[in-house]
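Contents: one structure, followed by commentary.
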Amino acid sequence: MFKKILVGVDGSEHALKAVRLAGELARTCSADLVIVHAYAPIPAGLGEPNLQQAISERLNEANEVLERALQEVGFTPKTVETEALEGGAADVILRVAEVREVDLIVVGSRGLGALASLLLGSQSQDVIQRATCPVLVVR
Ligand code: ATP
Ligand code: MG
């Protein structure tokens with residue numbers, strides 16, 4: 001049914017739950033899977049050597065989050081790719097979804113945010129509002 005599935009990860013348990021479900025769906029549908037992580041923009045005007053340090057810190061952290069997510073996917077019949085991009089989570093997820101023409105976006109209902117009472121995080125809410133393909137919110 002779905003041919004290309006995108007799942008967003010932020011390093012939270014909620015997102016890992018979304019990854020496990022996305023992996024299961026990818027197996028069931030024989031779909032390609034792309035795991036996306038958005039990292040915080042690097043402040044403008046940062047001089048050397050702080051700029052290089054900020055870049056490698058961001059990329060190391062992003063790699064750790066994506067590696068952890070990859071471990072949760074398990075076997076998939078098709079491809080699994082990862083992508084780390086600078087920017088707001090919803091913006092990045094929606095951009096990748098459009099460029100790669102995915103037909104399903106999977107996100108956790110919540111993420112790393114501190115408000116445990118929140119039903120839906122701001123990023124998943126934003127994705128639901130602006131996506132042009134189906135969105136699966138995992139809770
Ligand atoms: P808030 O960020 O509004 O304080 P929250 O952190 O609890 O609340 P969201 O950030 O909306 O909730 O996270 C919901 C889901 O969105 C996550 O489970 C994940 O799937 C996706 N997501 C959140 N942040 C990122 C990110 N930086 N990169 C990729 N996906 C993300
Ligand atoms: Mg968040």
Side-chain angles (χ1 to χ4, degrees):
M1 183 186 181
F2 299 114
K3 294 275 161 266
K4 213 179 277 184
I5 299 171
L6 180 161
V7 59
V9 291
D10 62 351
S12 66
E13 277 304 317
H14 297 279
L16 288 180
K17 207 168 158 188
V19 167
R20 286 191 285 273
L21 193 71
E24 248 173 78
L25 271 173
R27 273 188 289 286
T28 310
C29 303
S30 274
D32 292 308
L33 182 66
V34 54
I35 309 173
V36 175
H37 175 64
Y39 57 88
I42 292 158
L46 209 59
E48 294 297 355
N50 296 343
L51 180 62
Q52 275 314 313
Q53 198 183 328
I55 292 172
S56 45
E57 264 174 26
R58 297 279 198 291
L59 292 182
N60 286 342
E61 228 177 87
N63 280 337
E64 273 176 32
V65 169
L66 290 170
E67 277 300 319
R68 179 73 188 88
L70 270 176
Q71 291 169 5
E72 296 292 325
V73 171
F75 165 79
T76 50
K78 299 284 250 358
T79 65
V80 185
E81 290 179 85
T82 58
E83 200 161 337
L85 289 174
E86 181 182 286
D91 290 343
V92 164
I93 288 171
L94 293 167
R95 202 184 323 145
V96 175
E98 193 180 316
V99 170
R100 289 181 177 254
E101 299 181 321
V102 311
D103 42 27
L104 178 70
I105 296 173
V106 183
V107 285
S109 57
R110 299 204 28 248
L112 285 177
L115 283 183
S117 59
L118 218 62
L119 182 63
L120 260 191
S122 61
Q123 300 310 301
S124 37
Q125 199 165 332
D126 201 7
V127 168
I128 295 167
Q129 262 162 8
R130 293 162 52 207
T132 55
C133 69
V135 178
L136 178 59
V137 179
V138 181
R139 53 168 299 167

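In listed order, ligands and their atoms are each counted from 1.
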* Does atom CD of Glu86 have more than 12 heavy-atom neighbours from other groups under 6.0 Å away? -> yes
* Asked: Does any N or O in the side chain of His37 come within less than 3.5 Å of the main-chain N or O of Val9, such that one atom is a donor and the other an acceptor?
  -> yes
Got a list of side-chain donor-acceptor pairs under 3.5 Å for residues 73-82, not counting sequence neighbours?
from, atom 1, to, atom 2, distance (Å)
Thr76, OG1, Lys78, O, 3.4
Thr79, OG1, Asp32, OD1, 2.7
Glu81, OE2, Arg100, NH1, 3.2

* Structure fact -> Within the 4.0 Å heavy-atom cut-off around ligand 1, the contacting residues, ordered by chain and number, are Gly8, Val9, Asp10, Ala15, Val36, His37, Ala38, Ala89, Ile93, Val107, Gly108, Arg110, Gly111, Leu112, Gly113, Gly121, Ser122, Gln123, Ser124
* To do: Check whether more than 12 heavy atoms from other residues, nucleotides or ligands sit under 6.0 Å from atom CD of Glu101, and answer yes or no.
  => no
* **Nearest atoms (heavy-atom pairs only) where Leu33 meets Ala26** => CB-CB, 4.4 Å
* Asked: Taking a hydrophobic cluster as the set of Ile, Leu, Val, Met, Phe, Trp and Tyr residues connected by side-chain heavy atoms closer than 4.5 Å, whether directly or through intermediates, do Val65 and Ile93 fall within one such cluster?
  -> no
